[in-house]
Structures are given as structure tokens and as C-alpha cells.
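To start, the structure under review is shown below, and the notes come after it.
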Amino acid sequence: MENVNSRLLALRDVMREEHLAAFIFPSTDPHQGEYTPAHWQSRMWISGFDGSAGTAVVTMTKAALWTDSRYFIAAEAQLHHTEFVLMKERVEGTPTIAEWLSMTLQEEASSTEVGIDGMCSSASMVEELIDNLRKKGGFTVRTNFDPMQRIWENRPQIPDHPVEIQPLEYAGETAADKLVRIRLALRERHIDGMLVSALDDIAWTLNLRGTDVCCNPVFVSYLLIASDKVTLYVNEQKLSAKVKDYLAQVGVSIAPYEQIQKGLRDYFEYNILLDPQETSYTLMHVVDKKRVIRKESPIPSMKAIKNETEIKGFRHAMLRDGIAMTKFLCWLDSHIGKEQITELTVSDKLYQLRSEQPLFRDNSFDTIVAYQEHGAIVHYEPTADSDVELKPKGLLLIDSGTQYQDGTTDVTRTIALGPVTEEQKRVYTLVLKGHIQLEMLKFPVGVSGTQLDALARKDMWAAGMNFLHGTGHGVGSYLNVHEGPHQIRMEYRPAPLRAGMTVTDEPGIYLEGRFGVRTENTLLIVPYMKTEFGEFLQFDSLTLSPIDTTPIIIEMLTKEERQWLNDYHRRVYDVLSPYLNNEEKAWLANATKPI
């Protein structure tokens with residue numbers, strides 16, 4: 001695209017002035033968030049690729065972009081007509097960034113210095129890069145320069161939206177009590193304090209919420225916790241008198257956001273925990289390294305286990321979301337083929353029905369509505385340019401979620417809009433089998449999601465099929481829809497699964513140029529039984545939404561899988577039907593009838 005190519009020219013002019021051979025643009029911001037405010041979307045601005053994950057690298061003659069399988073198809077399209085070459089992560093033959101830079105820069109015979117903004121890159125990421133580039137050809141890395149300050153005209157400002165209090169009736173635990181727990185966890189490790197950079201960790205700790213990041217109710221800030229002092233580094237104009245008074249009562253003082261480096265330099269305790277995955281490289285090196293304890297933050301593991309109030313809120317949020325989803329599916333079924341409906345029409349209708357529910361705040365991510373071949377683009381989002389009309393045939397994949405003040409939802413359904421092919425039925429059933437196998441699983445306390453992942457894949461593996469994204473992620477309590485530290489995925493993730501955690505179950509299969517299928521529920525991990533061999537856990541479906549039975553090849557399901565689906569549908573009908581009108585209730589009765 002013309003804009004991207006002209007931006008590359010401007011960037012290279014600056015690189016030449018600064019004697020830089022290359023510059024690296026990760027997707028992150030100073031808080032290492034998955035979704036970033038517009039001010040820090042440098043990778044998207046320089047490359048034109050708008051996916052949530054990826055790294056752009058630019059040299060004096062070449063440009064490349066690394067991203068994962070969720071975005072292969074979308075990135076290929078968005079990078080078309082630009083200099084950027086797509087690098088498919090975790091695909092055999094794809095070089096690492098260090099390998100590619102080593103080959104490219106030796107050909108260019110230019111400077112040996114590579115630039116990356118150390119404020120927007122985690123310490124662990126930059127340190128690994130420094131080590132790899134040193135090994136690959138003696139390259140050095142400069143971290144104190146942001147070329148966007150010179151070339152990005154009309155760059156958006158750092159957001160300054162108001163911060164609000166998350167009431168105790170939804171949080172279930174006071175901020176003061178959370179700070180006590182955090183300090184106790186630090187003392188057990190013989191640590192005096194810590195810096196909290198992750199925005200959702202700050203929001204959870206202080207029972208505050210904001211709107212600085214699209215679909216994620218967080219606000220730009222840092223939190224510095226010492227043994228007898230807590231300081232929130234934030235733009236003060238974001239805070240109302242009510243919020244300031246609340247923070248004072250909790251024992252939290254306020255300092256300007258821009259003074260975080262000064263705050264770290266002035267930190268008076270003996271040592272401090274800086275999580276290298278969450279802390280930027282720049283901030284990691286403000287404090288004398290002899291005083292730095294490089295360990296994981298204790299907060300994500302605390303946040304991941306929901307308290308009784310949060311669990312109750314999740315159930316209420318899922319009920320309202322199920323009502324909205326049922327109303328939507330009933331509407332779609334009765335209108336498809338009778339009036340013009342497009343992907344954007346569906347997205348707007350779903351938003352409207354959800355917004356009518358109590359405690360609605362926003363979507364929890366940009367809605368994916370993908371018809372037929374668009375369904376093979378894992379994170380496809382319809383735009384005015386890509387929007388297509390839905391026909392009464394084929395498959396429609398909808399992945400969507402909502403931020404309610406008492407809980408966050410995430411649900412995917414693939415819907416047959418009419419006749420579907422035998423191939424579509426087979427793929428749909430394989431995905432459903434994987435989904436059900438995982439939901440039915442019983443497992444001991446302490447196993448990791450990686451140990452469970454194969455259950456969702458075994459039948460599709462037997463058919464020679466697979467998917468490359470994760471099978472499940474944690475979900476926040478009116479917080480980020482993607483929450484760790486636990487995950488269910490092929491790649492090793494050691495975080496143990498515990499009762500009280502939420503996690504999604506979302507296997508899929510994607511056939512480029514044809515269609516895609518994904519089925520997703522959000523689950524709660526609950527106790528199963530205790531025996532002489534220890535404690536065992538199981539999954540409880542929080543999501544209440546019918547799963548389309550029309551594309552199922554029933555003979556492919558085991559007796560146990562059919563029983564699970566019938567039991568799930570009986571529960572969906574019993575819980576949702578009292579809140580529906582007669583037409584919607586009749587539709588749901590038909591959609592959930594036993595197979």
C-alpha cells in the first residue's frame with residue numbers, strides 16, 4: 001500500500017541518520033498488553049497489518065513481518081502490495097528474527113546496530129534478542145530510541161479516559177485485602193516490593209476499571225508496591241474526586257504516569273520484584289540489578305482463581321449473554337434468505353441484543369462474523385470492504401463476547417444457514433467431538449493445560465487434521481478476555497489448573513478458501529472427587545447457548561458424546577426458556593431437542 005511504502009521511506013531516512021541497520025516493531029506497549037492503545041500501535045502503523053500479534057522488522061532494503069497461524073491469511077492479504085514479506089511463526093523453514101536479520105544485514109553490509117524501543121518491549125524479549133543477535137553475527141541492540149516520535153504525524157495521544165470503581169458487590173474482595181495477600185506472597189519469597197506493569201493486574205488489585213484499551217476495561221498506569229507504601233502512577237486528570245478519595249482510603253498515593261522511572265530510582269526498599277515478562281527492558285534497568293528479583297508476578301495466579309462473588313457474577317453474566325445469543329439465533333433463523341443480511345448486519349444485531357441486557361458495558365473483543373471462506377481466517381473481522389451477504393446455505397462462524405460489569409463472556413458457534421456439504425458436516429463433527437471430549441474430562445489437581453490439549457485434537461489428528469492456535473485461555477472477571485497464566489495448548493505451559501479458574505474450550509479446523517469451524521464454551525474448573533490418589537477436578541460449562549445440531553454426522557459421535565450434548569442442551573433450555581417469549585422459547589426447544 002502507498003501509505004506503508006512511504007512510511008518505510010521515512011523510517012529509513014531516520015535509521016540512516018541514527019546509523020541503524022534495522023528496526024524492530026513488536027506488537028506490545030510499555031505494559032506488554034495483548035491489545036494496545038492506538039498511541040503504541042507502531043507495528044500496525046508501519047506495516048498495515050492490524051492483527052493483535054506480530055512483529056515487524058525493517059532493514060535498509062527489506063521488510064518482514066512475523067505472526068502466528070491465527071493471522072496467516074489476513075496478514076497475507078494486508079501485506080499485499082507492500083514491501084513486507086510474511087514470516088509464518090512455528091512453521092518449518094521460517095527463520096527466526098535473529099536468523100533473518102543475520103542473513104539480511106550481512107548481505108546489506110551496513111551498520112551492525114539494530115534498534116528496538118526498550119520501553120515497549122519486555123526485558124525477557126530484548127535480552128533474548130540481544131543474545132541471539134550477538135551469536136548470529138556480533139550485532140548490537142539499541143533500546144533508547146523511538147523513531148515514531150519523528151515520523152508518525154498526528155500520532156494519537158496516550159488515552160486519558162476516566163477511571164471508575166469496581167464495587168465490592170462484583171469484586172468480592174477489597175483492594176486492601178488484595179494488597180495484604182500480595183505483600184504476604186512477596187514476604188514468603190523474601191521480597192520487599194514489586195512493580196506492577198500489566199494493566200489488568202493493576203485494575204484487579206485496586207478494584208478499578210477504565211476504557212483506555214478497546215474492549216478491555218483497563219487504564220494506563222503503573223503500580224509500585226512497597227512494604228508500607230503503594231503508589232499509582234497515572235495521569236491524575238483520569239481520576240475523579242470520588243476515585244481519589246477511594247484510593248486514599250485504601251492507602252494508595254498518586255504520582256504522574258511519566259514519573260515511573262523516577263519512582264523506581266527513588267525506591268527505598270532493599271529489593272524489588274520485576275517480572276521480566278511484564279516489565280519493559282528500559283524499566284528493568286532503572287534499578288540496580290543487585291536489588292532486582294527476577295521472578296513471575298504473584299498477581300496473575302491470584303487473579304485467575306475467582307472468588308465466590310466473581311463466580312456468581314460469571315453465572316449471571318452468562319445467563320444474560322445466553323438470552324441475547326438465543327434471541328439472536330432465533331432472529332437469524334427466521335430472517336435468513338428472506339431479507340438482505342450481511343456479516344456486518346449480524347455483528348450489529350448481536351451487539352444491539354447484548355446492549356439491551358443489564359450491566360452491559362462493551363464487547364469483550366471485536367466480533368468475528370465469518371461466512372464460508374471467511375471462516376478459514378481465524379481472526380477475521382468484517383469491514384465495509386470485506387463484508388459479504390449471507391445466503392441460506394453454508395456455514396457461518398461467530399466468535400463474540402461481552403463485558404458485563406459482573407463478568408466477561410466468550411463464545412463461538414458455527415451455524416448452518418442451510419444445506420452444507422458432506423465435508424463441512426465431517427469437519428463440524430470432528431471439531432464438536434474435540435470440544436466435548438475436553439468438557440467431559442476429569443483430571444487431578446495440578447496438571448497443566450498442555451497435558452489436556454490432546455483430548456481436543458485426537459479425533460481430528462486421526463483424520464489428518466489439526467489447528468495451530470491454542471485450545472483454551474483464562475477469562476477475566478470484567479477484565480481482559482484473554483487471561484493467564486494457565487492455558488490449554490500444544491506448546492508447553494506449566495501453570496497448573498486449579499478449582500475456581502475459568503478457561504475456554506475452543507478447538508477448530510480451517511480449510512483455506514473454503515470454510516472454518518470452531519465451537520467454544522467458557523468453562524469453570526470445579527472439584528470432582530477426592531480419593532486416596534488425591535483431588536480431582538472437572539469442567540462446568542458457564543456458557544449457555546445452543547450448539548447447532550443440523551451439521552452433525554450423528555454416527556461419528558460416541559454414546560457418551562451424544563449424552564453430553566443432550567444433557568447440555570437440556571440445561572440450556574431449562575435455564576434460558578423462562579426469559580424468552582413464546583416464539584423464542586419454541587425455537588430454543590427445537591434447537592435443543594435430543595439427538
Side-chain angles (χ1 to χ4, degrees), residues 1-8 10-11 14 23-56 58 65 67 70-71 74-75 78-79 82 84 116-122 145-164 197-200 202-203 208-222 233-235 237-238 256-258 260 278 280 282 347 351 361-368 379-386 401 403 479-482:
M1 297 186 303
E2 184 178 349
N3 276 351
V4 169
N5 292 332
S6 63
R7 291 168 183 174
L8 287 174
L11 172 64
V14 173
F23 207 89
I24 300 172
F25 298 91
S27 300
T28 49
D29 60 19
H31 306 276
Q32 312 310 313
E34 178 183 9
Y35 301 100
T36 61
H39 176 80
W40 287 296
Q41 291 174 3
S42 301
R43 188 225 61 216
M44 183 174 72
W45 187 85
I46 198 67
S47 69
F49 168 63
D50 63 5
S52 66
T55 302
V58 180
L65 182 134
T67 192
R70 295 172 296 170
Y71 296 109
Q78 292 179 0
L79 299 179
T82 76
F84 281 93
I116 188 169
D117 185 353
M119 198 64 191
C120 289
S121 308
S122 72
F145 177 62
D146 176 13
M148 293 295 133
Q149 294 180 352
R150 295 194 200 175
I151 65 175
W152 189 347
E153 296 181 4
N154 301 314
R155 183 179 187 177
Q157 297 297 309
I158 297 174
D160 56 3
H161 303 136
V163 173
E164 61 181 34
S197 295
L199 300 186
D200 58 327
I202 296 170
L208 296 175
R209 299 295 188 268
T211 57
D212 283 352
V213 180
C214 178
C215 301
N216 295 272
V218 297
F219 55 98
V220 174
S221 58
Y222 291 98
Y233 290 84
V234 65
N235 184 346
Q237 72 181 65
K238 300 159 71 72
Y257 176 74
E258 297 78 11
I260 182 57
E278 290 186 2
S280 74
T282 299
S347 182
Y351 183 89
R361 291 295 179 265
D362 196 358
N363 287 337
S364 57
F365 55 96
D366 291 330
T367 300
I368 296 168
H379 272 207
Y380 168 83
E381 296 160 15
T383 66
D385 293 331
S386 68
Q403 294 287 6
L479 268 175
N480 295 2
V481 73
H482 292 160

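Within the 4.5 Å cutoff, side-chain heavy atoms of R155 are placed close to those of H39. C120 places a side-chain heavy atom less than 4.5 Å from the side chain of P30. For the pair S347/D366, no side-chain contact is recorded, criterion being any heavy-atom separation below 4.5 Å from C-beta on.
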Practice task
Just do the side-chain hydrogen bond (donor to acceptor under 3.5 Å, both in side chains) check on D160 and Q237 with the steps written out, would you?
Solution key: CA-CA 7 Å; D160 56 3; Q237 72 181 65; 2.8 Å; yes
Practice task
Please lay out, stage by stage, how V218 and I202 fare under the test side-chain contact (heavy atoms from CB on, under 4.5 Å).
Solution key: CA-CA 8 Å; V218 297; I202 296 170; over 6 Å; no
Exercise for the section: Report the C-alpha separation of Y351 and T367 in whole Å, then their side-chain angles, then the decisive distance to 0.1 Å, and conclude whether the side-chain contact (heavy atoms from CB on, under 4.5 Å) test is met. Expected result: CA-CA 9 Å; Y351 183 89; T367 300; over 6 Å; no
Problem - side-chain hydrogen bond (donor to acceptor under 3.5 Å, both in side chains) between Q78 and D50, worked out - result: CA-CA 8 Å; Q78 292 179 0; D50 63 5; 2.8 Å; yes
Exercise for the section: Carefully, step by step, assess V481 and C215 under the rule side-chain contact (heavy atoms from CB on, under 4.5 Å). Expected result: CA-CA 9 Å; V481 73; C215 301; over 6 Å; no
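One finds no salt bridge joining D29 and R43 here, because no Lys/Arg side-chain nitrogen approaches an Asp/Glu carboxylate oxygen to under 4.0 Å.
Taking all atoms of both residues into account, the shortest heavy-atom contact from M148 to S42 is CG-OG, 3.3 Å. Looking at every heavy atom in both residues, I24 comes nearest to T55 through CG2-CG2, 3.6 Å. Residues V14 and P147 share a closest heavy-atom pair of CG1-CB, 4.2 Å. The two residues P26 and S121 have their closest heavy-atom pair at CG-OG, 3.5 Å. Shown here for A56 and S47, the closest heavy-atom pair between the two residues is CB-CB, 4.4 Å. Between V220 and P37, the shortest heavy-atom contact is CG2-CG, 4.2 Å.
Between Y71 and H379, the gap from one ring centroid to the other is short of 6.0 Å. For Y35 and F365, the distance between ring centers is not under 6.0 angstrom. Between Y257 and Y222, a ring centre-to-centre spacing shorter than 6.0 Å is recorded.
Side-chain atoms of T282 come within 3.5 Å of backbone N or O of M119 as a donor-acceptor pair.
Partners of E34 by side-chain hydrogen bond (donor to acceptor under 3.5 Å, both in side chains), not counting sequence neighbours, listed by chain and number: H482.
If you run side chain to side chain contact (heavy atoms under 4.5 Å, CB included) between W45 and each of W152, F25, W40, only W152 comes through.
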